[in-house]
Amino acid sequence: MNLTVALTGASGAIFGRELLLVLEADSRVSRVHFVASENSLRVLAQELGVSGRTDLLDKLLGAPPTKTIQHADANIGASIASGSHPSNGMIVLPCSMGTLAAIANGLANSLIARAADVTLKERRPLILCVRETPFNRIHLRNMTLAAEAGAVIFPVIPAFYNRPTDSTEMARQFVYRVLAHIGLPQNGAYIWKPEE
Ligand SMILES: Cc1cc2nc3c(=O)[nH]c(=O)nc-3n(C[C@H](O)[C@H](O)[C@H](O)COP(=O)(O)O)c2cc1C
């Protein structure tokens with residue numbers, strides 16, 4: 001699989017980091033195209049203590065990436081900006097209301113918004129892990145618009161019935177659900193089996 005992952009400036013950077021770590025470790029995935037919005041950097045510094053764009057992937061993964069490559073959000077000429085680029089889908093985690101608005105209204109004014117626009121036009125999976133609380137009517141309308149265009153609205157709402165003991169485990173189980181949705185079920189994913 002060849003996937004695109006975008007991190008934007010919503011709260012929940014730990015979820016994005018877990019996604020990148022799991023994809024790096026998954027042998028079914030050959031390439032991950034990674035884009036961090038300018039505003040995600042502010043949240044990464046706040047929530048994970050990761051600062052600066054330089055060597056961002058190394059800092060997030062704790063080691064040099066083996067298959068993940070980073071593109072600047074301003075680089076609308078990157079490979080993932082074209083429908084000719086072979087891709088199996090795109091995940092935005094976390095997805096801010098601003099990025100949701102750009103995608104839902106087809107602005108295509110950044111690499112993240114353009115890659116999402118291309119994913120929709122090519123009828124490929126686009127998973128928007130939106131995060132905000134509470135939602136205003138604009139957020140709700142934009143979620144409907146994006147869903148009607150083919151995106152999956154997959155809010156950052158983790159489960160508790162698996163009794164996670166820390167935020168990393170909570171984020172990882174959430175990421176497992178996202179990946180199962182895109183056809184990459186993970187060993188270690190919690191599966192509800194009430195009859196056992
Ligand atoms: C610490 C922090 C947390 C934020 N949390 C959210 C959030 O959960 N959801 C959201 O939509 N915006 C959130 N924002 C605001 C966005 O970062 C802001 O709207 C930004 O313009 C989004 O830009 P982007 O979509 O290009 O990343 C947060 C900002 C900061 C600094």
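Start at 1 and go down the list; that is how both ligands and their atoms are numbered.
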S.K.: Should the heavy atoms of other residues, nucleotides or ligands under 6.0 Å from CD1 of I76 be counted, would the total exceed 12?
M.R.: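 Atom CD1 in I76 is not crowded, with 12 or fewer foreign heavy atoms closer than 6.0 Å.
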S.K.: Within the side chain of N2, is there an N or O that forms a donor-acceptor pair under 3.5 Å with the backbone of N88?
M.R.: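 Pair absent, no side-chain N/O of N2 close to backbone of N88.
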S.K.: Can you confirm whether R31 is buried at CZ, in the sense that more than 12 heavy atoms of other residues, nucleotides or ligands lie under 6.0 Å from that atom?
M.R.: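 Yes, CZ of R31 has more than 12 neighbouring heavy atoms, counting only those of other groups under 6.0 Å.
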S.K.: Can you name the ring-ring contact (aromatic ring centres under 6.0 Å, His included) partners of F174, sequence neighbours left out?
M.R.: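 F15, F154.
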S.K.: Remaining members of L100's ILVMFWY cluster at a side-chain heavy-atom cut-off under 4.5 Å?
M.R.: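 Its cluster mates, by chain and number, are V35, I80, M90, V92, M97, I103, L111, I112, L120, L126, L128, V130, F135, L140, M143, I153.
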S.K.: Counting only heavy atoms and a distance below 4.0 Å, can you name the residues contacting ligand 1?
M.R.: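 Lining ligand 1: T8, G9, A10, S11, S37, N39, R42, V43, S96, M97, T99, R131, E132.
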S.K.: Test question: given the 4.5 Å side-chain rule for I, L, V, M, F, W and Y, name all other residues clustered with I157, or answer none.
M.R.: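 Result for I157 is none, singleton.
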